[in-house]
> 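Just dropping this structure here.
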Amino acid sequence: MDMKSVESKWQAKWEKSKQNYFNKKNIDKKLYVLEMFSYPSGAKLHVGHWYNYGPTDSYARFKKMQGYEVFQPMGFDAFGLPAENYAIKTGVHPKKSTEENIATMEQQLKNMGAMFDWSAEMITCNEDYYKWTQWLFLQLYKKGLAYRKEALVNWCPSCETVLANEQVIQGECERCNSVVLRKNMTQWFLKITDYAEELLDGLDTIDWPEKTKLMQKNWIGKSTGCEIYFECETGDTITVFTTRPDTVFGVNYVVLAPEHPLVEKLKAAHPENAEAIDAYVRYSAEANDIDRLSTAREKTGVFTGAYATHPLTGKQVPIYLADYVLYSYGTGAVMAVAAHDERDFAFATKYNLPITQVIQKRGGETVLPFCEDGILVNSGEFDGLSGEEARDAIAVHLTKIGKGGKKINYRLRDWSVSRQRYWGAPIPMIHCEKCGAVPVPEKDLPVRLPDDVEFRPSGRSPLAGHEGFMNCTCPTCGGKAQRDPDTLDTFVCSSWYYLRYPEANNSKAAFTKEVADKMLPVDVYVGGSEHACMHLLYARFITKALRDMGYVSFDEPFKRLVHQGIILGPDGNRMSKSRGNVVSPDKYIEEYGSDIFRMYLMFGFSYTEGGPWNDDGIKSISKFLDRIERLVVKAAETKATKADTAMNAAEKELDYVKNFAIKSIVRDVEAFSFNTSIARLMEYVNALQKYDAEVAEKNATFYNDCILDLIKMLAPFVPHFAEELWEMMGKRTSVHEEEYPALNEAALVKSEVEYAVQVNSKIKAKMMIAENLTAEEIQAQVSTHPEIAPLLEGKSVKKCIVVKGRLVNLIVG
RNA sequence: GCCGAAGUGGUGGAAUGGCAGACGCGACGGACUCAAAAUCCGUUGGUAGCGAUACCGUGUGGGUUCAAGUCCCACCUUCGGCACCA
């Protein structure tokens with residue numbers, strides 16, 4: 001078959017019939033199947049896109065044949081750094097390169113033959129989309145979930161620009177390899193930490209890979225502990241957070257992060273140490289990511305000269321600064337228990353500080369640092385308690401005396417969304433000298449991204465240099481004001497796009513509650529696991545925030561999540577241009593067509609595992625389809641050679657294989673186990689060939705139905721090929737509008753089943769045994785088997801295990 | 001360092017605690033052909049044997065069980081995530 005012409009023929013028909021468009025009339029049967037939309041950074045689809053979209057489309061097509069009204073849209077996540085970097089390198093405007101890439105990719109996606117509803121397409125860099133991204137930001141601002149604060153950003157001193165975290169590769173700028181510094185800048189943040197607890201709890205309600213849920217759980221990083229107040233000699237209170245209040249009697253010193261606000265006061269109180277303190281603060285501020293990431297980095301610190309009072313013992317403990325304490329976590333201060341914390345131990349050893357043991361190992365010698373749970377010693381009234389008892393008792397005691405209490409901390413940080421970049425949605429805020437930060441009124445959206453901007457790095461946001469953009473009037477006081485020169489992180493664009501698809505063309509609203517509550521959540525979401533702690537977390541947060549603002553009624557955006565694996569280069573490494581192991585789908589599409597390419601992707605790999613690319617498998621799929629074609633061509637000409645009577649043995653066998661395949665495929669496709677589904681199809685084709693070759697007098701009606709069922713079963717996997725065969729069989733409709741073949745359980749019941757017969761757990765024989773026998777009858781029958789009987793002679797059967805339909809195990813002695 | 005996943009023939013990969021290797025690829029043998037391609041049929045985990053068959057076999061070592069690739073313990077290797085989170 002000439003696959004290329006067959007494919008374009010059917011693609012044209014589908015486009016004309018609009019049969020892949022979602023039909024709102026059937027909304028009560030909706031199934032929202034979504035693949036992560038693509039990022040048009042390269043000009044063409046790569047194998048990864050194909051592997052995500054091809055098999056998932058087969059899933060969607062399969063569900064459609066099962067009677068669901070499938071909604072499967074596609075769009076482009078079109079803002080972002082690669083287009084801008086490309087522009088900086090080549091001078092081509094990001095808008096131009098993005099539009100060209102999208103045009104190419106759209107065509108390639110159409111050539112794939114997926115049942116995307118192109119009427120719902122949207123592109124995040126278009127005004128009619130980013131207008132609503134800006135609207136979303138304003139709603140978050142109104143709700144108090146967007147705020148501005150000074151924060152550290154990645155700064156490339158050579159490019160003179162801020163870098164996103166993803167642009168920092170092992171501490172270096174991805175473009176010029178300069179060592180990235182950290183710099184304080186005022187940034188917009190979204191308050192995702194408000195939802196930390198709910199984001200954690202919600203994980204129990206969704207059908208996601210356990211691995212991904214665990215990654216999110218660790219990322220959110222809940223830890224339960226205690227806050228404890230240490231009175232400082234300056235009269236200030238140093239609050240520390242600890243998960244080990246049971247070790248509080250072992251505190252040897254208190255450590256502040258170098259950025260801690262109290263540092264200035266301590267310096268003033270101890271001018272003799274000011275110089276050393278200043279030097280240390282400077283030292284840690286200059287530490288770059290490479291040093292920071294080094295696991296072997298030695299602990300450093302400096303004594304402030306000041307002391308704090310231990311809340312329970314009243315003892316004076318020295319206050320240190322050390323950058324192994326992070327200002328951004330907990331309270332930015334810790335109590336150091338050298339005997340029971342590895343870091344504190346290392347620090348105390350280095351600076352010759354005392355080490356006080358307060359926990360004893362249960363049964364065994366305590367080797368310091370001892371960081372596990374044990375029995376309390378040297379802890380006054382708490383001596384003898386176990387770790388768990390002591391943590392509770394000490395927390396209760398601290399609360400009673402007003403020196404602290406229980407506290408929960410999360411590692412999750414608020415989401416920084418300001419990007420000092422050009423190719424993104426402008427942040428819809430105005431800065432007025434009189435009124436401060438003022439939101440752009442919704443009626444003035446979108447805040448348009450101007451085209452004529454110098455986007456080459458200059459040390460500030462590209463938009464800041466565009467006077468026409470920057471200068472505006474304050475919506476509150478009418479005075480002169482300036483726009484925010486930053487753009488939104490592209491993850492903001494992708495945090496809500498699934499809400500937009502069902503109403504992609506709504507010009508009055510981002511989406512409506514009425515439609516969203518019916519169409520969402522997304523039933524099955526398929527994409528790479530690399531988004532586990534970014535996009536997938538942000539989207540959950542935004543959904544919950546929108547729910548709290550009353551815009552939707554559901555809690556989670558993606559009910560079920562599936563990650564496809566990664567297709568590696570033929571050498572087993574990740575595909576990369578520098579390795580030269582990139583496999584381009586195009587030449588295979590050219591040679592074999594998209595159906596064969598898709599089926600190979602589904603058959604050659606375990607979907608969630610992926611693996612190295614290999615050319616051999618694709619030829620075998622091509623041959624498989626050739627065999628089917630020959631079978632169907634012949635069947636289309638087959639005339640009845642036998643009266644339409646009851647099935648004979650050969651027909652029963654064929655019917656069995658067919659129904660077995662149906663049953664297996666229904667289960668396996670649901671589990672995204674495409675390779676086994678196709679294996680069952682191959683078995684069915686083998687059985688059809690056998691029947692065709694061996695049975696001279698065919699039951700033509702039966703055989704014809706078998707062939708039609710085969711085509712229906714092929715349809716989700718090779719959609720164009722199946723349409724062509726369907727037409728060959730004289731059909732004038734689309735096979736994709738057919739119902740999936742129904743399972744006939746009765747066909748799977750066999751009168752005799754093969755049992756494996758074991759004696760003392762070793763297989764000795766195989767035997768056909770009637771289906772309806774009791775365990776006793778089976779044992780009796782097995783014992784007469786010529787291979788088995790001699791083995792039982794003179795011995796007694798002590799036990800007989802019968803596994804219905806599978807095996808018999810005789811234990812003899 | 002911590003957390004997680006995975007290790008199965010020459011190869012891609014299958015196996016609700018119940019016949020390991022489904023279905024393919026490759027290889028070997030055969031049919032068709034002047035020949036080749038294509039197609040069709042057969043064999044194909046290893047070792048020993050003409051053979052029936054026997055023994056061994058799912059990273060390594062233990063264990064639980066009538067029965068373990070699957071469950072438990074320890075270890076090795078690879079991959080992924082986090083990384084001074086108190």
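Here is the naming used below: chain letters follow the sequence lines, and residue numbers restart at 1 for every chain. Here the structure is a predicted model, which is why all the values come from computation and not from measurement. Any value given below was found using the heavy atoms of this structure, including those in side chains, with hydrogens, waters and symmetry copies removed.
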> When rounded to the nearest Å, what value does the distance between P atoms of B/rG81 and B/rA20 take?
38 Å
> Can you identify which nucleotide, out of B/rC25, B/rC3, B/rC56, has its nearest atom closest to the A/Lys762 side chain?
B/rC56
> Mind checking whether A/Tyr320 and A/Tyr351 have parallel, tilted or perpendicular rings, split at 30° and 60°?
tilted
> For a quick check, tell me whether the side chain of A/Lys299 and the base of B/rC84 share a donor-acceptor pair closer than 3.5 Å.
yes
> Measure NZ/A/Lys804 against P/B/rC19 and give the value in whole Å, please.
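Rounded to the whole Å, the gap is 17 Å.
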> Select from A/Glu342 and A/Glu754 the residue whose nearest nucleotide in RNA chain B is closer to the 5' end of that strand.
A/Glu342
> Which listed nucleotide (B/rC84, B/rG18, B/rA54) is nearest to the side chain of A/Lys764?
B/rA54
> With respect to the side chain of A/Thr676, which nucleotide from B/rA15, B/rU39, B/rA83 is positioned closest?
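Nearest to the side-chain atoms of A/Thr676, counting from C-beta on, is B/rA15.
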> Could you check which of B/rG13, B/rA86, B/rC40 has an atom nearest any side-chain atom of A/Arg630?
B/rC40
> What nucleic acid atoms does A/Val337 come within less than 4.0 Å of, heavy atoms only: base, sugar-phosphate, or nothing?
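Nothing, no nucleic acid heavy atom in range.
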> Measuring only the P atom in each nucleotide, how far is B/rU16 from B/rA6? A whole number of Å is fine.
14 Å
> Closest approach of A/Met335 and A/Asp344, non-hydrogen atoms and distance?
O-OD2, 3.9 Å
> Answer yes or no: is there an ion pair linking A/Lys406 with A/Asp392, defined by an N-O contact shorter than 4.0 Å?
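Looking at A/Asp392 together with A/Lys406, the answer is yes, because their closest N to O distance falls below 4.0 Å.
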> Checking contacts here: which listed nucleotide (B/rA83, B/rG81, B/rG24) is nearest the side-chain heavy atoms of A/Arg411?
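Closest nucleotide among those given: B/rA83.
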> Counting only distance, no hydrogens or angles, is the base of B/rC25 paired donor-acceptor with the side chain of A/Asp616 under 3.5 Å?
no
> If we take the P atom in both B/rU47 and B/rG9, what is their distance in whole Å?
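Looking at atom P only, B/rU47 and B/rG9 are 15 Å apart.
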> For A/Tyr253 and A/Phe347, I'd like to know if the aromatic rings sit close, meaning centre-to-centre distance below 6.0 Å.
yes
> Counting heavy atoms not belonging to A/Arg413, are there more than 12 under 6.0 Å from its CZ?
yes
> Would B/rG9 be called syn or anti, given that syn covers angles within 90° of 0?
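Syn conformation here, the glycosidic angle of B/rG9 being no more than 90° from 0.
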> When you measure from every atom of RNA chain B, which of residues 680-687 of chain A have a heavy atom less than 4.0 Å away?
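Heavy-atom cutoff 4.0 Å gives A/Arg680, A/Met682, A/Glu683, A/Asn686.
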> Is A/Lys750 positioned over the aromatic face of A/Tyr656, cation under 6.0 angstrom from the ring centre and no more than 45 degrees off axis?
yes
> Under 4.0 Å between any heavy atoms, over every strand shown, what does A/Lys623 touch: base, sugar-phosphate, or nothing? Just pick one.
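Sugar-phosphate: the residue A/Lys623, judged by heavy atoms under 4.0 Å, touches backbone atoms but no base.
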> Using atom P of each nucleotide, how far apart are B/rA74 and B/rG4 to the nearest Å?
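Straight-line distance between the two P atoms is 12 Å.
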> Roughly how far, to the nearest 0.5 Å, is OG of A/Ser576 from CG of A/Asn581?
5.0 Å
> Check every atom of B/rC19, B/rA86, B/rC23 against the side chain of A/Ala679 and return the nucleotide holding the closest atom.
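Output: B/rC23.
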> Please classify the nucleic acid contact of A/Arg413 as base, sugar-phosphate, or nothing, using heavy-atom distances under 4.0 Å.
base
> How close or far is atom C1' of B/rA14 from atom CE of A/Met602, stated in whole angstroms?
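Rounding to the nearest Å, CE of A/Met602 and C1' of B/rA14 are 18 Å apart.
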> Rounded to whole angstrom units, what separation is found between the NE2 atom of A/His531 and the C1' atom of B/rG80?
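Distance check: A/His531 NE2 to B/rG80 C1' gives 15 Å.
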> Give A/Phe624 one of three labels, base, sugar-phosphate or nothing, depending on what nucleic acid heavy atoms sit under 4.0 Å from its own.
nothing
> Checking contacts here: which listed nucleotide (B/rG18, B/rC23, B/rC3) is nearest the side-chain heavy atoms of A/Asn218?
B/rC3
> Rounded to whole Å, please give me the gap between CG in A/Asp344 and C1' in B/rC84.
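It works out to 10 Å between those atoms.
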> Is it the case that A/Lys299 places NZ or CZ above or below the six-membered ring of A/Tyr324, under 6.0 angstrom from the centre and within 45 degrees of the axis?
yes
> Starting at atom NZ of A/Lys350, determine the distance to atom C1' of B/rC84, rounded to an integer number of angstrom.
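A/Lys350 atom NZ is separated from B/rC84 atom C1' by 14 Å.
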> For the pair made of CG in A/Leu791 and P in B/rU53, what is the distance, rounded to whole Å?
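Spelled out: CG on A/Leu791 to P on B/rU53 is 13 Å.
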> NZ of A/Lys350: more than 12 outside heavy atoms within 6.0 angstrom?
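Yes.
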> Which part of the nucleic acid does A/Asn809 contact within heavy-atom distance under 4.0 Å: base, sugar-phosphate only, or nothing?
base
> Does the side chain of A/Tyr329 get closer than 4.0 angstrom to OP1 or OP2 of B/rA86 through an N or O atom?
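Yes.
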> Base, sugar-phosphate, or nothing: which does A/Gly604 touch, judged by heavy atoms less than 4.0 Å apart?
sugar-phosphate
> Find which nucleotide of RNA chain B each of A/Phe605 and A/Thr331 is nearest to by heavy atoms, and output the residue with the more 5' nucleotide.
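Whichever sits nearer the 5' end wins; that is A/Phe605.
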> Atom CZ of A/Phe717 and atom C1' of B/rC23: how far apart are they, to the nearest Å?
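Distance check: A/Phe717 CZ to B/rC23 C1' gives 13 Å.
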> What is the nucleic acid contact for A/Gln758, judged by heavy atoms within less than 4.0 Å: base, sugar-phosphate only, or nothing?
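Base, at least one base heavy atom under 4.0 Å.
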> So does A/Asn614 get a side-chain nitrogen or oxygen closer than 4.0 Å to the phosphate oxygens (OP1/OP2) of B/rU11?
no
> If the cut-off is 4.0 Å, is A/Ser223 near the phosphate of B/rA86, judged by side-chain N/O to OP1 or OP2?
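Result: yes.
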> Please state how far atom NZ in A/Lys619 lies from atom P in B/rG26, giving the value in whole angstrom units.
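Result: 8 Å.
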> Given A/Phe597, which partner from the list A/Phe721, A/Tyr51, A/Trp50, A/Tyr592 fulfils the ring-ring contact (aromatic ring centres under 6.0 Å, His included) test?
A/Trp50
> Classify the nucleic acid contact of A/Ile801 as base, sugar-phosphate or nothing, counting any heavy atom under 4.0 Å across all strands shown.
base
> Compute whether any side-chain donor of one residue and acceptor of the other, for A/Ser223 and A/Tyr329, lie under 3.5 angstrom apart.
yes
> How is the base pairing of RNA chain B summarised as a dot-bracket string, given the Watson-Crick and G-U wobble criteria with both distances under 3.5 Å, [ ] for crossing and | for another strand?
(((((((..(((.....[....)))((((((.......))))))((((....))))..(((((..]....))))))))))))....
> May I ask you to check whether A/Gln758 and A/Ser761 show a side-chain donor-acceptor distance below 3.5 Å?
no
> Taking C-beta and beyond as the side chain, do A/Gln216 and A/Arg540 meet within less than 4.5 Å on heavy atoms?
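The answer is yes, as the side chains (C-beta and beyond) meet within the 4.5 Å cut-off.
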> Kindly say if A/Gln689 contacts the phosphate of B/rC40, meaning a side-chain N or O under 4.0 Å from OP1 or OP2.
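Result: yes.
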> Show which side-chain atoms of residues 609-616 of chain A pair as donor or acceptor with protein atoms under 3.5 Å away, not counting sequence neighbours.
unit_1	atom_1	unit_2	atom_2	d
A/Trp613	NE1	A/Tyr588	OH	3.2
A/Trp613	NE1	A/Asp615	OD1	2.8
A/Asn614	OD1	A/Asp616	N	2.6
A/Asn614	OD1	A/Gly617	N	3.4
A/Asp615	OD1	A/Tyr588	OH	2.4
A/Asp615	OD2	A/Tyr588	OH	3.2

> Indicate, yes or no, whether a donor-acceptor pair under 3.5 Å links the base of B/rC66 to the side chain of A/Lys799.
no
> Which part of the nucleic acid does A/Gly301 contact within heavy-atom distance under 4.0 Å: base, sugar-phosphate only, or nothing?
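The answer is nothing, as A/Gly301 stays clear of every strand by at least 4.0 Å.
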> Ignoring the backbone of A/Lys211, work out which of B/rC23, B/rG18, B/rG80 is nearest its side chain.
B/rG80
> Could you check which of B/rA83, B/rC66, B/rG12 has an atom nearest any side-chain atom of A/Ile811?
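Nearest listed nucleotide: B/rC66.
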> Between B/rA86, B/rG81, B/rA83, which one does the side chain of A/Thr243 approach most closely?
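Closest nucleotide to the A/Thr243 side chain: B/rA86.
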